[in-house]
Amino acid sequence: MLSEPRSGRLAAWGNALLAGLVSPDDAALAIVGEDTVHRVEGLPGESGPVGLTLALGRLRALGVKGLRVALPAPGHPLGLSGPPDFNARALDAEEAVVCHGVALGLVPEVYEAGPDGDVHVEVVWHCLAVREAPPADVPSLGEAERELAEALRDATEVLSRLDVAGSGPVAEAAVDAYRARAERGREVLAPGYPPRAVRVLELAQRVGLLISVAYENGHGGAVSASEISARALALRPVERTARRAQVAAYNAFVEERERGGR
């Protein structure tokens with residue numbers, strides 16, 4: 001969770017395009033980000049892979065009204081609704097986009113080539129059939145915000161008590177440096193999202209980064225097996241809560257439209 005997932009960019013900017021808030025070219029550029037190229041294969045009516053601009057137009061013509069994000073993990077099918085084949089591919093990729101209005105979903109497959117420092121990244125989105133059902137375990141924005149604040153408070157207390165790397169000024173400096181890089185030249189969410197979704201996503205990303213720093217910077221003062229286990233127990237539910245909040249933020253656009261807010 002150090003950066004926004006590709007499914008988040010596709011859903012957010014795809015939703016802005018579907019709402020007429022951005023142009024197809026601007027949406028495609030934002031979705032590709034620092035990757036080299038994105039293509040979509042398996043679209044109904046297309047015999048082979050097509051570019052993002054054409055794919056987004058095709059999805060709109062098919063009746064897609066919005067895009068939702070899924071960020072599943074083992075034992076936690078977050079944002080998925082089936083069938084098993086789609087869920088399995090999404091779990092392997094650790095992310096997916098599920099269309100609202102048409103029973104289709106998109107799972108990314110990432111290809112990297114080139115030497116260190118000059119790696120070219122190509123992404124193929126596989127378009128597959130999905131089950132039309134409510135997505136699994138996705139909270140409302142309000143629920144996500146409350147849960148995230150509570151989980152962060154509880155985890156910070158445990159990590160501080162164990163003197164775990166990731167709970168002190170070094171971690172805060174890493175977070176600030178990451179945020180400075182991330183905020184240069186990009187929006188947290190695409191146009192059209194409610195301010196609360198932006199706030200929840202920013203907090204979820206910040207929590208995700210703190211978790212990563214805690215894991216990557218060694219054991220800190222948690223030198224015994226029991227203390228290391230306690231750290232893992234403290235971080236695991238926070239990471240789960242942060243993923244749920246992230247999905248709630250990306251999906252807020254569709255949820256508001258379903259409620260008649262747009």
Side-chain angles (χ1 to χ4, degrees), residues 1-13 15 30-31 33-34 68-73 76 78-79 94-95 137-222 230-253 255:
M1 295 178 64
L2 291 182
S3 60
E4 57 189 339
R6 290 182 173 90
S7 57
R9 293 203 304 267
L10 176 57
W13 289 92
N15 283 330
I31 293 166
E34 297 181 358
R68 289 188 173 103
V69 169
L71 297 177
H76 189 205
L78 176 62
E94 299 183 341
E95 60 178 315
D137 198 36
V138 179
S140 69
L141 273 177
E143 292 169 337
E145 193 169 29
R146 288 192 298 273
E147 291 171 3
L148 199 54
E150 292 171 1
L152 180 59
R153 183 181 62 246
D154 294 344
T156 299
E157 180 182 343
V158 173
L159 295 178
S160 297
R161 187 170 66 247
L162 296 176
D163 189 26
V164 171
S167 61
V170 173
E172 288 299 320
V175 170
D176 290 341
Y178 165 77
R179 290 181 68 188
R181 291 195 305 272
E183 288 169 1
R184 285 198 297 266
R186 80 165 179 89
E187 297 179 63
V188 175
L189 278 172
Y193 274 82
R196 192 174 199 177
V198 176
R199 185 169 68 246
V200 169
L201 183 58
E202 286 179 328
L203 181 57
Q205 290 176 339
R206 183 180 179 86
V207 170
L209 180 61
L210 284 170
I211 293 168
S212 297
V213 170
Y215 275 125
E216 291 170 4
N217 286 358
H219 298 313
R231 178 183 68 165
L233 288 173
L235 293 176
R236 194 174 300 121
V238 181
E239 189 275 336
R240 182 185 180 105
T241 300
R243 281 191 299 108
R244 293 180 76 237
Q246 200 171 17
V247 170
Y250 283 121
N251 293 4
F253 193 99
E255 306 309 326

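Values below: every heavy atom of this structure, side chains too, minus hydrogens, waters and symmetry copies.
Counting all heavy atoms, side chain and backbone alike, R243 lies closest to P72 at NH1-C, 4.1 Å. Taking every heavy atom of both residues into account, G79 and V138 meet most closely at CA-CG2, 3.8 Å. Across L141 and A252, no two heavy atoms sit closer than the pair CD1-CB, 3.7 Å. Contact detail for G8 and V69: the closest heavy-atom pair is CA-CG2, 3.9 Å. Between A249 and V200, the shortest heavy-atom distance links the atoms CB-CG1, 4.3 Å. Here the closest heavy-atom approach between residue A248 and residue P139 is recorded as CB-O, 3.4 Å.
Atom CD of Q246 is separated from atom CG of N251 by 10.5 Å, given to the nearest 0.5 angstrom. Between L78 atom CG and L71 atom CG the span is 6.0 Å, to the nearest 0.5 Å. Taking OG from S7 and CD from E94, the interatomic distance works out to 10.5 Å, rounded to the nearest 0.5 Å. A distance of 8.0 Å separates CD of E4 from CG of L201, quoted to the nearest 0.5 Å. Taken to the nearest 0.5 Å, the CD atom of E255 stands 4.5 Å off from the CZ atom of R68. A distance of 9.5 Å separates CG of L10 from CD of E95, quoted to the nearest 0.5 Å.
A salt bridge does not link E202 to R206: none of the charged nitrogens lies less than 4.0 Å from a carboxylate oxygen. Of the charged side-chain nitrogens involved, at least one lies within less than 4.0 Å of a carboxylate oxygen, so that E145 and R199 count as a salt-bridged pair.
Side-chain contact of N15 with Y193: a donor-acceptor pair under 3.5 Å is present, judged by distance alone.
Using a 4.5 Å heavy-atom threshold, the side chains of F253 and P194 count as separate.
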- Item | Derivation of the side-chain contact (heavy atoms from CB on, under 4.5 Å) call for E143 and R244 | CA-CA 10 Å; E143 292 169 337; R244 293 180 76 237; 5.6 Å; no
